[in-house]
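Start at 1 and go down the list; that is how both ligands and their atoms are numbered. Just so you know, these numbers come straight off a predicted model, no measurement behind them. All heavy atoms count here, side chains included; hydrogens, waters and symmetry mates do not.
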Amino acid sequence: MQIHETIASLRAARADAGRVALVPTMGNLHAGHIALMTKAREHADQVIATIFVNRLQFRPGEDFDSYPRTFAADCEKLAAAGVEHLFAPDESQMYPQPQSYHIEPPPEQAGILDGEFRPGHFRGVATVVMKLFQIARPDVALFGKKDYQQLMVICNMVREFNLAIDIVGGETVRAADGLALSSRNGYLSAAERAEAPRLYGVIADLVTKVRGGARNYAELEQIAMQLLRLNGWMPDYVALRKKLDLQLPSAHDSGLVVLAAARLGSTRLIDNLEV
Ligand code: PAF
C-alpha cells in the first residue's frame, strides 16, 4: 500500500489508477470500515482510503483532540484489506489557510436530528468531503449507513453539484450483542459497554412495532427515549423519519428509518435501523 501525505503525491498516483473508489475515514479503523474497503474493491480497479480527523466538523468542546488516532494499526488493517492507496494528509495539506469557502447543506437536511445537536457539523463534513472528492477524483465513494444523515447529505450534495461520483452506502457492522461498531465505543467504560447495546435494542423494538402496524410514531419515540433515560442515558433524539429526506412521515408513508442519538456517561452514540 502506498501512503500519500501530500495532495501532489496522491494526484500523481491517481492519474493512472483506472477506476477509483474512495473511502473517507477519520481513522481508528474497525470492521465496519474494513467492510467498506472490501465493498469498494467490487466497484473499482483501485481503492483509495483516507484518514483525516477533520477539525471543521467538530464543535468546540467536542472530542477533536481526544479522537483516537491509531495510524500504525490502521495502516496494517488497510494493507491487509488490499487497499492500494492511503491518503493521510495533515492539516497543512487540507487547510493551508483557514477554510473560508464552505459547502452549506440546507437547514432542512443539516439542521435536524444530529445537525440540531451539533450545529455546523454537516457543513464541516460536506466541506471536507468535497475537498477529498476534488483531490482524489474518485469514480465512486463509499460511506457507512451508520452515519445515515451524513450519507443523505453527501448524496444530495453530489446530485445538486452534478458530481460524476457514484455514492454507495455500506451496511452498519455490529458487535454480537447488537452495538453498532464505532470509533467512539472505545470511550466507554466496562459498565457502559455492557449497557450500550440497549440503544440498538430500543430502536429494533420500535422498528418491530412499526412493522407490526403501529402508527403512533410520536408516542413510540417518547417511550423509547424514556426507556433510555430510565437506564441512565441522556437521549438527544429517537426519531422515525422518511429514508429519502429524513423528514417527518405521515401514517401512510413507507420507506422509513428510525434514528437515535444518546449520551451514555460522556460518550455520545448514534445508531439507526431501516424499517
Ligand atoms: O464519517 C466520517 O468518518 C467522517 O465524517 C468523514 C466522512 C470521513 C468526513 O470527515
Fill in the blank from the handout: The closest protein heavy-atom partner of atom 9 (C) of ligand 1 is Gln57 OE1, 3.3 Å
Exercise for the section: Do me a favour and list the nearest non-hydrogen protein atom to atom 7 (C) of ligand 1 with residue, atom name and distance? Expected result: Gln150 NE2, 3.5 Å
What atoms of ligand 1 come closer than 4.0 angstrom to any heavy atom of [X]?
| X | result |
| --- | --- |
| Pro24 | 8 (C) |
| Val128 | 9 (C), 10 (O) |
| Thr25 | 8 (C) |

Exercise for the section: Determine whether more than 12 heavy atoms belonging to other residues, nucleotides or ligands lie under 6.0 Å from atom CD of Glu5. Expected result: no
Practice task
Taking only Lys NZ, Arg NE, NH1 and NH2, and the carboxylate oxygens of Asp or Glu, determine whether Arg41 and Glu84 approach each other closer than 4.0 Å.
Solution key: yes
Handout entry: Ion pair check, Asp139 and Arg14, cut-off under 4.0 Å
Key = yes
Fill in the blank from the handout: When Arg198, Lys146, Lys145, Arg174 are each screened for salt bridge (Lys or Arg N to Asp or Glu O under 4.0 Å) with Asp271, the one that passes is Arg174
Exercise for the section: Kindly assign one of parallel, tilted or perpendicular to the pair Phe52 and Tyr95, based on the angle between their ring planes and the thresholds 30° and 60°. Expected result: tilted
Problem - ligand 1 contact on Thr50 by region, counting heavy-atom pairs under 4.0 Å - result: neither
